[in-house]
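Have a look at the structure below before the remarks.
Any value given below was found using the heavy atoms of this structure, including those in side chains, with hydrogens, waters and symmetry copies removed. Since the model is a prediction, treat every value here as computed from it, not as a measurement.
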Amino acid sequence: MGGGRLKGRPVAVSNGMENSTEPVGATRANRAAAAFGMLSIVVSLGAIGVAMLLSVRFSMATSALSDLGRAGWTTTAVFNGGLLVAGLLALPLGIVLARNARTLLHAAGSVAFSLSAVCLSLVGVFALPAPEHGLVAIGFFLAFTVAFVLYGAGDVRTGARGRGLATLALALVHVLGWVVWLGAGTPGGLAIPELVGSACLSAWVLATAARLW
């Protein structure tokens with residue numbers, strides 16, 4: 001044993017951050033966060049879908065999604081309650097992503113995603129016509145787009161090029177949805193670009209949850 005040294009057995013020392021493109025192991029925290037993330041999408045899209053079906057006033061031609069939660073509408077409780085719960089469910093995913101962050105880009109992206117989850121819950125709290133509604137609604141869409149850019153760039157930088165480019169593409173699709181809608185003279189209601197953004201976010205959360213699982 002020669003003075004306590006193990007001969008013939010090279011010892012590799014790692015700080016857990018090098019040569020890794022994935023979170024280490026399918027830990028309980030990873031799986032729980034993945035489950036909460038997937039559930040957040042089910043709840044949010046479910047609330048939106050049910051509210052659309054129940055509403056006799058909502059129109060894709062003239063309405064914003066937030067109109068479904070407007071005070072006095074029959075769908076207020078379904079829509080606002082769903083978004084409040086969905087935002088809370090998404091938070092554990094953001095926390096675990098921050099814990100697993102491999103670069104500062106990933107860490108910043110995780111924080112931006114968590115901020116979008118908070119804003120989503122606040123959209124349900126500050127329903128129209130509350131003056132705070134516009135700020136938290138814009139914050140929601142802006143924050144998850146920034147999260148896509150940061151997290152996607154982090155993936156590209158650490159070698160997960162395909163996944164990173166896909167994430168950056170989702171950010172581009174979301175931005176283009178707004179650009180095209182505005183450039184065309186806002187045909188239809190605000191709900192149209194909002195649904196494009198919601199679809200992009202749903203795809204990313206589900207893909208990320210599947211990876212963590």
Side-chain angles (χ1 to χ4, degrees), residues 14-50 79-125 136-137 139-171 173-174 194-195 197-213:
S14 172
N15 60 8
M17 296 290 287
E18 298 176 355
N19 302 321
S20 173
T21 59
E22 297 287 350
V24 180
T27 66
R28 288 183 179 179
N30 285 353
R31 284 178 177 263
F36 279 122
M38 289 185 283
L39 189 56
S40 73
I41 298 303
V42 172
V43 171
S44 60
L45 295 184
I48 292 171
V50 170
F79 182 82
N80 292 335
L83 296 194
L84 173 61
V85 172
L88 294 175
L89 288 171
L91 270 178
L93 180 60
I95 293 170
V96 165
L97 288 176
R99 187 199 65 179
N100 292 340
R102 302 179 297 282
T103 66
L104 287 177
L105 287 169
H106 287 115
S110 302
V111 171
F113 174 78
S114 298
L115 178 60
S116 73
V118 172
C119 286
L120 180 61
S121 286
L122 291 178
V123 168
V125 173
V136 294
F140 165 66
F141 287 104
L142 182 61
F144 77 70
T145 305
V146 171
F148 287 175
V149 172
L150 293 171
Y151 213 89
D155 278 345
V156 171
R157 187 172 182 180
T158 54
R161 185 175 178 82
R163 187 170 69 232
L165 291 177
T167 300
L168 292 172
L170 286 175
V173 169
H174 180 216
E194 289 177 333
L195 285 173
S198 298
C200 291
L201 178 60
S202 298
W204 187 82
V205 169
L206 292 175
T208 301
R211 177 171 61 85
L212 285 176
W213 191 268

Taking all non-hydrogen atoms of both residues, which atom of [X] and which atom of [Y] are closest, and how far apart?
X	Y	result
Arg211	Tyr151	NH2-OH, 3.7 Å
Gly164	Asp155	CA-CB, 3.5 Å
Leu168	Ala153	CD2-N, 4.1 Å
Gly154	Thr103	CA-OG1, 4.1 Å
Val149	Ala171	CG2-CB, 4.0 Å

If the condition is side chain to side chain contact (heavy atoms under 4.5 Å, CB included), which residues does [X] pass it with, not counting sequence neighbours?
X	result
Leu142	Val146
Leu104	none
Arg99	Thr27, Ala29, Asn30, Val96
Ala137	Val123, His133

Q. Roughly how far apart are Leu201 CG and Phe140 CZ, rounded to 0.5 Å?
A. 5.0 Å
**Q.** Distance in Å, Phe144 CZ paired with Ser198 OG, rounded so as to fall on 0.5 Å steps
**A.**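 Those atoms lie 6.5 Å apart.
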Q) What residues form a ring pair (Phe, Tyr, Trp, His ring centres under 6.0 Å) with Phe79, not counting sequence neighbours? A) none
(Q) Parallel, tilted or perpendicular, judged at 30° and 60°: which one describes the rings of Trp204 and Phe148? (A)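 Because their plane-to-plane angle lies in the 30° to 60° range, the rings of Trp204 and Phe148 count as tilted.
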Q) Taking Ser121 for the side chain and Leu88 for the main chain, is one N or O donor matched with an acceptor at less than 3.5 Å? A)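 The answer is yes, because a donor-acceptor pair under 3.5 Å joins these two groups.
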Q | Sub-4.5 Å side-chain heavy-atom contact between Leu93 and Ser40 | A |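 Leu93 does not reach Ser40 side chain to side chain.
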Q. Can you find a heavy atom in the side chain of Asn100 that is under 4.5 Å from one in the side chain of Leu212?
A. yes
Q: Could you walk me through whether Met38 and Val205 pass the side-chain contact (heavy atoms from CB on, under 4.5 Å) test, one step at a time?
A: CA-CA 7 Å; Met38 289 185 283; Val205 169; 5.9 Å; no
What donor-acceptor contacts under 3.5 angstrom involve side-chain atoms of residues 108-119, with partners at least two apart or in another chain?
unit_1, atom_1, unit_2, atom_2, d
Ser110, OG, Leu97, O, 3.4
Ser110, OG, Ala98, N, 3.3
Ser110, OG, His106, O, 2.8
Ser114, OG, Ser110, O, 3.0
Ser116, OG, Phe113, O, 2.5

